[in-house]
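Atoms considered below: every heavy atom in the structure, side chains included; atoms not considered: hydrogens, waters and symmetry mates.
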Amino acid sequence: TRPEFEMRWSERIETDLSRRSTVIKTERGDVEVAREGDGIPVLMIHGSPGGFDQGLMYGRHLRDNGCELIALSRPGFLRTPLSSGQTPTEQADLYAAVLDALEIDQVTVLGYSSGGPSAVLFAAHHPGRVRSLLLDSAVLEHYNFSPGLVERLLLYSLLFSSFGAWFWHTVSQRWPKVAASVLVDNSSTDLDKAQRRAAVEWILDDQERLKVFQGMLTSLIAPWKIRRAGYNNDGDNDNDLAPLPIAEITCSTMITHGLNDGIVPVELAIRASESLKSAELVLIDEGHHFLPIDRHFQAAMERRLQFVHSDK
């Protein structure tokens, strides 16, 4: 049995998450949704593990610059049941049903990490609903894990547990430098010691960036019991991922990826941009997997805002 203090902590986070979102009914099943901001609607499709809270935290730079975030929890995460859509294709159709239920005709879509496949399929299968497409650090094809990534996943298997969630959430609040160092080290590749230290110090140097970091970390792990099903399902989908119809996308597309992403190889972004010649490819120097808290993301963010607000 879990310690009583750990149960209280988990329940507090779960209660807070429930207060910030709504479960809506669609033709394809229930979906948890939260909305923030005003302006161009942006559908936030989070990574794995994740939930609507990750979408809200990841998209703060959009929310603060003339966009309304429509952040959902993908099936198996938080309060969206896995039965609402297990495969990326089913999830893409679910997004269309969400827009129907919310009476929204068209959105910009941001697909992050393991949210990439369903974001691509949504843009390809429902072109009339997608104004433009943003793909960040996205899984865009099946790939074999490198030895270094296998070691990271073994570490994650220790972190992704009820106790691990409590432990790392506590560390991020009390000793954020330790937590940020672990995150940077395990989401990047081929950065030297000085570059990793600079990446961590940049996160800690600003209270807003620190808040985004802490929120992103919490959205990965806590409470683990209501993120586990989606994480396991995403693992199955990523392992069996069929070629995506990237070349069929007709909307304006921007693909953004860190050159030193240690989770999803940058080569996936490069090959996707070659398949979709009209796509704009933005590569982040020294960029790790968590772009909004990467110290070289600012220029890409400014270009993104121009892209999202353009009439393209």
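Note that the CG atom of Leu183 and the CZ atom of Phe213 stand 5.5 Å from one another [nearest 0.5 Å]. In this structure, the separation between CD1 on Ile249 and CG on Leu121 is 8.5 Å, given to the nearest 0.5 Å. Here the CG atom belonging to Leu191 is positioned 8.5 Å from the NE2 atom belonging to His288, to the nearest 0.5 angstrom. The distance from the CZ atom of Arg271 to the CD atom of Glu141 is 4.0 Å, given to the nearest 0.5 Å. Atoms CG and CG, on Leu69 and Leu110 in that order, are 9.5 Å from each other to the nearest 0.5 Å. To the nearest 0.5 Å, atom CD1 of residue Ile221 and atom OG of residue Ser172 are 7.0 Å apart.
Judged as a side-chain hydrogen bond (donor to acceptor under 3.5 Å, both in side chains), and not counting sequence neighbours, the contacts of Ser132 are Thr108. For Glu36, the side-chain hydrogen bond (donor to acceptor under 3.5 Å, both in side chains) criterion is met by Arg63, not counting sequence neighbours. Listed by chain and residue number, Leu82, Glu90, Asn233 satisfy the side-chain contact (heavy atoms from CB on, under 4.5 Å) test with Gln86 (two or more places apart in sequence, or in another chain).
Here the side chain of Gln195 pairs a donor or acceptor atom with the backbone of Asp192 at under 3.5 angstrom. Formation of a donor-acceptor pair under 3.5 Å by the Glu32 side chain with backbone atoms of Ser21 is not found in this model. Side-chain N or O atoms of Ser118 include one that pairs as donor or acceptor with a backbone N or O of Gly115 at under 3.5 Å. Counting only distance, with no hydrogens or angles, the side chain of Arg227 and the backbone of Ala222 share a donor-acceptor pair below 3.5 Å. The main-chain N or O of Ile104 is found under 3.5 Å from a side-chain atom of Arg129 such that the two form a donor-acceptor pair. Here the side chain of Arg20 pairs no donor or acceptor atom with the backbone of Ala34 at under 3.5 angstrom.
Put simply, the side chain of Val212 does not reach to within 4.5 Å of the side chain of Phe290, judged on heavy atoms. For the pair Asp100/Thr26, no side-chain contact is recorded, criterion being any heavy-atom separation below 4.5 Å from C-beta on. Inter-residue side-chain proximity for Ile246 and Thr253 is flagged as unmet; no heavy-atom pair is nearer than 4.5 Å. Side chains of Gln214 and Leu210 form a contact here, defined as non-hydrogen atoms less than 4.5 Å apart.
Each of His289, His257, Arg304 was checked for a side-chain hydrogen bond (donor to acceptor under 3.5 Å, both in side chains) with Asp136, and the lone residue meeting it is Arg304.
A side-chain donor from one of Gln298 and Glu302 sits under 3.5 Å from a side-chain acceptor of the other. Side-chain contact annotation: His126 with Asp93, donor-acceptor N/O pair under 3.5 Å present.
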Next on the checklist: Working note: Val31 + Thr80, criterion side-chain contact (heavy atoms from CB on, under 4.5 Å); need CA distance, chi angles, decisive distance, verdict.
Outcome noted: CA-CA 5 Å; Val31 182; Thr80 300; 4.0 Å; yes
Next on the checklist: Walk me through whether Ile270 and Glu274 qualify under side-chain contact (heavy atoms from CB on, under 4.5 Å).
Outcome noted: CA-CA 6 Å; Ile270 294 171; Glu274 293 169 348; 3.8 Å; yes
Next on the checklist: Asp294 vs Ile284, test: side-chain contact (heavy atoms from CB on, under 4.5 Å). Steps then yes/no.
Outcome noted: CA-CA 9 Å; Asp294 188 279; Ile284 311 298; 3.7 Å; yes
Item to check | Derivation of the salt bridge (Lys or Arg N to Asp or Glu O under 4.0 Å) call for Arg295 and Glu201 | outcome: CA-CA 9 Å; Arg295 67 192 182 111; Glu201 290 175 352; over 6 Å; no
Item to check | Audit row: Leu134, Phe307, side-chain contact (heavy atoms from CB on, under 4.5 Å) steps and yes/no | outcome: CA-CA 10 Å; Leu134 307 170; Phe307 179 86; 3.7 Å; yes
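Between Tyr58 and His61, the angle of the ring planes goes over 60°, which puts this pair in the perpendicular group of the 30/60° scheme.
For Asp38, the CG atom sits in a loose shell: 12 or fewer heavy atoms of surrounding residues, nucleotides or ligands are nearer than 6.0 Å. Around CD of Gln173, the count of heavy atoms belonging to other residues, nucleotides or ligands within 6.0 Å exceeds 12.
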